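Working notes, beginning with the structure itself.
When a ligand or atom number is given, it counts from 1 through the structure's own listing order. Remember, it's a predicted structure, so these values are computed and weren't measured experimentally.
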Amino acid sequence: MMKNKKEMNFWKIADEVKRKFFSRLRIGTSRIDYLNYEGYRKKFEGIPAALAEEWDKLKEEYKYTSGADFVRLKGFLYEALFYYACLETQTIFLDAELCEFGGVKFKESPPWFECVPLYDIIPNLHYIWKNNKKNQKVPQIKVDFLVTYVDDKGPLPPALIEVKSSKKAINYKIEELNWQIVAAMRLGFIFQVAYPDPKLKSTYPRSLNEWIIETPCSNCNGLSDDFRECSKCGAVIFPFTIVDARYTLKDLIERLGRT
Ligand SMILES: [Zn+2]
């Protein structure tokens with residue numbers, strides 16, 4: 001039987017828990033025989049259950065550990081599930097691309113979709129301590145994933161995605177979200193949040209259509225369906241992104257030459 005640890009700092013536990021979930025994803029995807037299509041899809045479908053099983057094991061393992069805040073730790077399960085849903089979509093596009101190499105003709109080429117996990121050990125720039133509480137003073141990104149999509153018509157703006165366990169969890173730190181909107185804009189990216197569809201019938205989301213992805217609006221603090229203009233209040237959220245052709249190279253050289 002595993003010996004329970006007694007005292008651990010939350011972040012130490014968080015590091016272990018996140019690594020365990022992501023390792024489970026890595027192991028799950030590397031044990032697949034991709035040449036056997038039906039077997040491969042079936043094994044892929046089994047990964048969310050493996051993640052849920054890992055969560056049950058982790059709850060048991062840290063049951064008697066003082067720093068284990070299971071509400072916060074469960075967030076890492078959702079991060080892994082979101083990553084799984086993205087990987088699942090990515091494999092469908094890759095399958096189509098492989099068919100194309102094999103001679104199958106599509107009207108439109110399969111898109112390129114990719115989700116890059118960002119490891120969240122983030123130095124705290126310009127934080128001010130006030131009454132024993134850290135206060136953020138400058139825009140900074142604290143997101144979980146960078147998601148990109150490109151098809152025949154062109155790219156969508158790169159989206160920095162923060163995964164939340166529920167819609168309620170999003171409102172928790174509205175100020176931090178607002179800083180992230182500014183920080184994402186400075187990169188030319190957009191900032192969005194993802195949370196499981198409240199109408200979800202199963203316990204955990206499995207595919208991307210079981211996730212809601214929305215853009216927080218700093219004007220009304222609501223969540224918008226559209227990243228340009230808030231679908232709730234009409235305010236402009238992201239007036240431009242890195243994929244908008246704002247300058248030609250000639251214009252840019254002229255602008256830079258002026259400084
Ligand atoms: Zn709004």
Of the protein N/O/S atoms, how many lie under 2.8 Å from the Zn ion (ligand 1): 4

Would you give the length of the straight line joining atom CG of Leu256 to atom CG of Asp251, rounded to the nearest 0.5 angstrom? 10.5 Å

Distance alone, cut at 3.5 Å: any donor-acceptor contact between the side chains of Tyr204 and Glu210? no

Answer yes if the ring centres of Phe22 and Tyr83 are under 6.0 angstrom apart, and no otherwise. yes

Per side-chain hydrogen bond (donor to acceptor under 3.5 Å, both in side chains), Gln180 is matched among Gln192, Lys142, Glu162 by Glu162

In short, salt bridge (Lys or Arg N to Asp or Glu O under 4.0 Å) pairs touching residues 75-89 with sequence neighbours left out are Lys18-Glu79

Does Phe44 have Arg41 sitting over its ring (NZ/CZ under 6.0 Å from centre, angle to axis within 45°)? yes

